[in-house]
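Order of the sequence lines fixes the chain letters, A, B, ..., with proteins taken first and strands second; residue numbering starts at 1 for each chain.
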Amino acid sequence: MPNNHQFSPLPPWPRTDYCGNLRESDAGREVGLWGWVAARRDHGGLIFIDLRDREGIVQLVFNPERAAAAHRIADQARAEYYLAVRGAVVRRTPATINAELPTGAIEIVVAQAQILNPSWPMPLQLDESADEQLRLKYRYLDLRRPAMQRNLRTRHQAVRGAREFLDGQGFVEIETPILWRATPEGARDYLVPSRVNPGRFYALPQSPQLLKQILMVGGFDRYYQIARCFRDEDLRANRQPEFTQIDIEMTGPRIEDVMAIGQGMMASMFRRAAGIELELPFPRLEYEEAMERFGSDKPDLRFGIELRNFTSAFAGTQFRIFADVLARNESIYGIAMPPDLQLARRELDELAESLRSRYSMGLAWVRVAEPDWQGPIARHLSATERARVTETAALKGGETVLMVAGPAANVRPVLGEIRLNLAARFNLRKADERRFLWVTDFPLFEYSPEERRLVSVNHPFTAPHPEDLGLLDSDPLAMHALAYDLVLNGEELGGGSIRIHNRELQLRVFEKLGLTRESATEKFGFLLDALSYGAPPHGGIAFGVERITMLLCGADSIRDVMAFPKTQKAVDLMSGAPSEVGIEQLRELGIKVIT
RNA sequence: GGGGUCGUAGUUCAGCCCGGUUAGAACGCCGGCCUGUCACGUCGGAAGUCGUGGGUUCAAAUCCCAUCGGCCCCGCCA
């Protein structure tokens, strides 16, 4: 490979413009450009090079008769060589205009050129077809792709929109420690050994939750942070072990005040990053209604096919299976698929089989046909029951009604999942539609069969609804939380709550979660103490930057909105992290590897 | 922890079901020709531990087992 370029740390002439910004109005100007060779077309005489930088591509023309030295450089140039060129912006003749390119009406007639750095042959193609393993290994090359450039800049604009809005509302950006302490509850912690305190560990924060509460006690009144969070859990298409939240806390808000900030900020982000004006305020739905109608606490409102509660329709039924269910005081829910969205018999059988194997649940279905209903359970349904089902689901004829029976808490999410699968199957979700939604009034606690105790639905610092305070000892599972999630198209974008600011109440909630006063004081003493010195009422919310950016970019993977993501096994393929470390490093930390 | 899927020249892929030529194509790379292309064209060339290990077989990219890695999902993610 010819490589006669001279290494020089300094550029030979200044860059006056970015390639992608040049337009017809620049014709006649002398410009200096630096960029990568995106394509090279060698005609033996003339050579064309598409030069790419962060703003886009422009065509360079090298004419051996007009600039022989520059032409020799172009002759040597290959894909992804980094070039500096100097030349004139020239209007193309009408026949040679390229309407596909923003810069296609002009080209650069190069007078001088220099190879600032050659490139080894590319280990991957810079397009969507590249294998993701290679993209991650050679991330610095992948990042040159226009799509990645665009995504990360969209992210930048979104965060900028958030900062602008919050600054305008009097919020103060404050950084909190990355080296923090391990806390019980929640996700697995990433631990960092302390050299000066052998045997002790910091934890990386899962979120700055307690720190931001304490900042309210510290008098900052309105805080925000673009905060890196760490959770040592398995990865997914939209989950990485480290991710970024826009973390917000304020003194004395009602739920509505936090929502106003949250949706105002969201509007600012969409305006900045996508030029989209959101319609405010976002609608609200209580948790219970979301579960009842959509089988989900983050419903996708872009399509209907809502759940129906058929429990009372089958009161007194002779149909054995349903009668048994009702005898156990359980429920029967279903969804009615309209005539134009019909599953084949085989698909219904597959769905039934998948429910059986995954949830040990049966699927009953009937086709609402004339003259008679069809399907395995049709003959078990009395005329009264058919009439009630028809009324409950507002049937008009031709529907297929899918029914699942069991405890409502199990049945509704399963139907919610079926609802989503049907939407995917029939392509009911419009990609360009945005349905924001606040979900409120979550339960405060739920029962964890694995741990055989109550756990917080949100987190242990969430304030109970004031009307439910009396239930703390008698019926904690019936309590509601002053918590809220922001949902867009079935995705949770953020969530928050009004916090407990009273030491005694916080202790009583800890106790409900199985933490003794002693152990709560040991693990959360700093919080309890902070609450004991005139802590103001406070509350807040946090938003997932990557999830919002994914929606803004139409990205299917969180890795496409992060500069240096990790694989599903939490490995950075570029650097090889996590790596083994030397024995001396471990000894200094008092750590012995036992695996 | 579990289920699914993919892994073949530098790259993107075909071949694998149904075992049997020298494992093909395109892009890229190297060399030649070409003064208006824009994924330029054209002629020629080099380039492969078929992810790895084991097994079955006269014979394995192809069948079987194990293992490693990428991706998707369940569990997990207050």
Side-chain angles (χ1 to χ4, degrees), chain A residues 1-2 38-52 57-66 71 74 78-80 90 92-101 103-104 107 109 119-138 141 183-189 206-207 209-210 229-241 243 354 357-359 417 421 442-446 448 450-451 453-462 481 483 492 495-497 509-510 513 515 542 544 556-559 565-569 571 573:
Chain A
M1 179 189 335
R40 175 174 166 276
R41 295 176 289 278
D42 183 351
H43 289 242
L46 282 184
I47 295 176
F48 299 94
I49 283 178
D50 291 341
L51 198 68
R52 184 193 62 241
I57 280 176
V58 72
Q59 172 166 280
L60 312 177
V61 191
F62 296 82
N63 188 320
E65 288 159 14
R66 294 221 243 157
H71 184 268
R78 294 292 180 274
E80 301 305 320
V90 172
R92 298 199 197 181
T93 61
T96 61
I97 286 174
N98 184 349
E100 307 288 309
L101 284 179
T103 60
E107 62 195 5
V109 176
S119 171
W120 288 348
M122 292 289 282
L124 48 71
Q125 280 172 222
L126 291 194
D127 61 36
E128 304 297 329
S129 74
D131 179 67
E132 189 158 14
Q133 210 164 342
L134 286 168
R135 290 180 52 201
L136 293 176
K137 179 173 180 188
Y138 299 97
L141 299 178
T183 49
E185 303 268 326
R188 278 186 209 91
D189 286 315
Q206 298 173 25
S207 84
Q209 178 59 39
L210 295 177
C229 305
F230 306 86
R231 296 179 188 174
D232 186 5
E233 298 293 344
D234 287 350
L235 289 78
R236 285 286 188 285
N238 62 358
R239 265 167 33 192
Q240 284 270 311
F243 60 99
S354 120
S357 64
R358 290 167 57 208
Y359 304 111
E417 189 187 316
N421 289 339
F442 283 82
L444 187 64
F445 300 112
E446 64 191 345
S448 163
E450 296 82 26
E451 301 181 61
R453 65 175 179 96
L454 293 184
V455 294
S456 296
V457 168
N458 188 237
H459 55 56
F461 319 107
T462 298
E492 182 191 331
S497 62
V509 168
F510 281 150
L513 298 171
L515 264 181
D556 293 324
S557 164
I558 191 173
R559 296 179 299 279
K566 293 173 180 64
T567 68
Q568 193 159 46
K569 288 197 73 184
V571 168
L573 290 178

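Pair assignment for B:A60: none, as no Watson-Crick or G-U wobble contacts are both less than 3.5 Å. Of the nucleotides present, B:G51 is the one that pairs with B:U67 by Watson-Crick or G-U wobble criteria, both distances under 3.5 Å. For B:C30, the paired nucleotide is B:G44, the pair qualifying as Watson-Crick or G-U wobble because both relevant distances are below 3.5 Å. B:G75 is unpaired under the criterion used here, namely a Watson-Crick or G-U wobble arrangement in which both key atom distances are under 3.5 Å. Look at B:A25: its Watson-Crick or wobble partner, with both distances under 3.5 angstrom, is B:U12. Under the Watson-Crick and G-U wobble criteria, each requiring two contacts below 3.5 Å, nucleotide B:U37 is left unpaired.
Taking atom P in both B:G44 and B:U49, the straight-line distance is 26 Å, to the nearest Å. For the C1' atom pair drawn from B:C29 and B:U67, the interatomic distance equals 34 Å after rounding to whole Å. Taking atom P on both nucleotides, B:C13 is separated from B:A66 by 27 Å, rounded to a whole Å. Spacing of P atoms, B:A25 relative to B:G19, comes out at 25 Å, to the nearest Å. Separation of the C1' atoms belonging to B:G51 and B:C40 is 37 Å when rounded to the nearest angstrom. B:G15 sits 15 Å from B:U22 when the C1' atoms are compared, rounded to a whole Å. Between B:G24 and B:C50, the distance separating the two C1' atoms is 13 Å to the nearest Å. For the C1' atoms, the distance from B:C16 to B:G10 is 24 Å, rounded to whole Å.
Here A:Arg559 lies in heavy-atom contact (under 4.0 Å) with sugar-phosphate atoms only. A:Thr567 comes within 4.0 angstrom of the backbone, heavy atoms only, and of no base. A:Glu132 comes within 4.0 angstrom of the backbone, heavy atoms only, and of no base. Nucleic acid contact class of A:Pro460 (heavy atoms, under 4.0 Å, all strands): base. Residue A:Ser207 is in base contact, counting any heavy-atom pair closer than 4.0 Å across all strands shown.
Judged by closest nucleotide on RNA chain B, A:Val61 is the one of A:Arg239 and A:Val61 placed further toward the 5' end. Residues A:Ala130 and A:Glu100 each lie close to RNA chain B; by heavy-atom proximity, the contact nearer the 5' end of the strand is made by A:Ala130.
Distances were taken from every side-chain heavy atom of A:Leu134 (C-beta onward) to each of B:U12, B:C72, B:C76; the shortest belongs to B:U12. In the set B:U37, B:C72, B:C29, the nucleotide with an atom closest to the side chain of A:His43 is B:U37. For A:Ala39, taking side-chain heavy atoms from C-beta onward, the closest of the listed nucleotides B:C73, B:G69, B:C40 is B:C40. Of the candidate nucleotides B:C38, B:G36, B:U12, B:U12 has the atom nearest to the side chain of A:Asp131. Side-chain proximity of A:Arg236 to B:C73, B:G69, B:C71: nearest is B:C73. Nearest to the side-chain atoms of A:Gln59 among the listed nucleotides B:C77, B:G36, B:G70 stands B:G36. Across B:C76, B:C71, B:C38, the shortest atom-to-atom separation from the side chain of A:Glu450 is found for B:C76. Between B:C77, B:C34, B:C72, one nucleotide has an atom nearer to the side chain of A:Asp42 than all others, and that is B:C34. For A:Arg41, the listed nucleotide lying nearest its side chain is B:C38; candidates were B:G36, B:C73, B:C38.
Note that NE2 of A:His43 and CG of A:Asn63 are 12.0 Å apart. Values are rounded to the nearest 0.5 Å. Atom CD in A:Gln59 sits 8.5 Å away from atom OG1 in A:Thr103 (nearest 0.5 Å).
No hydrogens or angles were tested; on distance alone, a donor-acceptor pair under 3.5 Å links the side chain of A:Arg92 to the base of B:C38. Taking 3.5 Å as the limit, the base of B:G36 and the side chain of A:Glu107 contain a donor-acceptor pair of atoms between them. In this model, a side-chain donor or acceptor of A:Asp234 finds a partner on the base of B:G75 within 3.5 Å.
Between A:Leu126 and A:Glu80 there is a side-chain heavy-atom pair separated by less than 4.5 Å. Proximity of A:Pro565 to A:Ile558: side-chain heavy atoms (C-beta onward) are nowhere separated by under 4.5 Å. Side-chain contact between A:Phe48 and A:Val61 is present, with at least one heavy-atom pair separated by less than 4.5 Å. Between A:Gln206 and A:Glu233 the shortest side-chain heavy-atom distance does not fall below 4.5 Å.
Between A:Asp556 atom CG and B:C73 atom P the separation is 10 Å, expressed in whole Å. When the C1' atom of B:C73 is taken as reference, atom CG of A:Asn238 falls 12 Å away, rounded to whole Å. With rounding to whole Å, A:Leu101 atom CG is found 12 Å from B:U37 atom C1'. Between the NZ atom of A:Lys569 and the P atom of B:C6 there is a distance of 20 Å, rounded to whole Å. Between the CD1 atom of A:Ile558 and the P atom of B:C73 there is a distance of 12 Å, rounded to whole Å. At whole-Å resolution of the value, CG in A:Leu124 and C1' in B:A9 are 16 Å apart. Nucleotide B:A39 holds its C1' atom 15 Å from the CD1 atom of A:Ile49, rounded to whole Å. The interatomic distance linking A:Glu128 (CD) with B:A39 (P) rounds to 17 Å, in whole Å.
Side-chain atoms of A:Asp127 and A:Gln125 include a donor-acceptor pair closer than 3.5 Å.
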Please assess A:Arg41 against A:Asp50 for the test salt bridge (charged side-chain N to carboxylate O under 4.0 Å, His left out), listing each intermediate value before the final yes or no. CA-CA 9 Å; A:Arg41 295 176 289 278; A:Asp50 291 341; 2.8 Å; yes
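Applying the 6.0 Å contact sphere to CZ of A:Arg66 captures no more than 12 heavy atoms from other residues, nucleotides or ligands.
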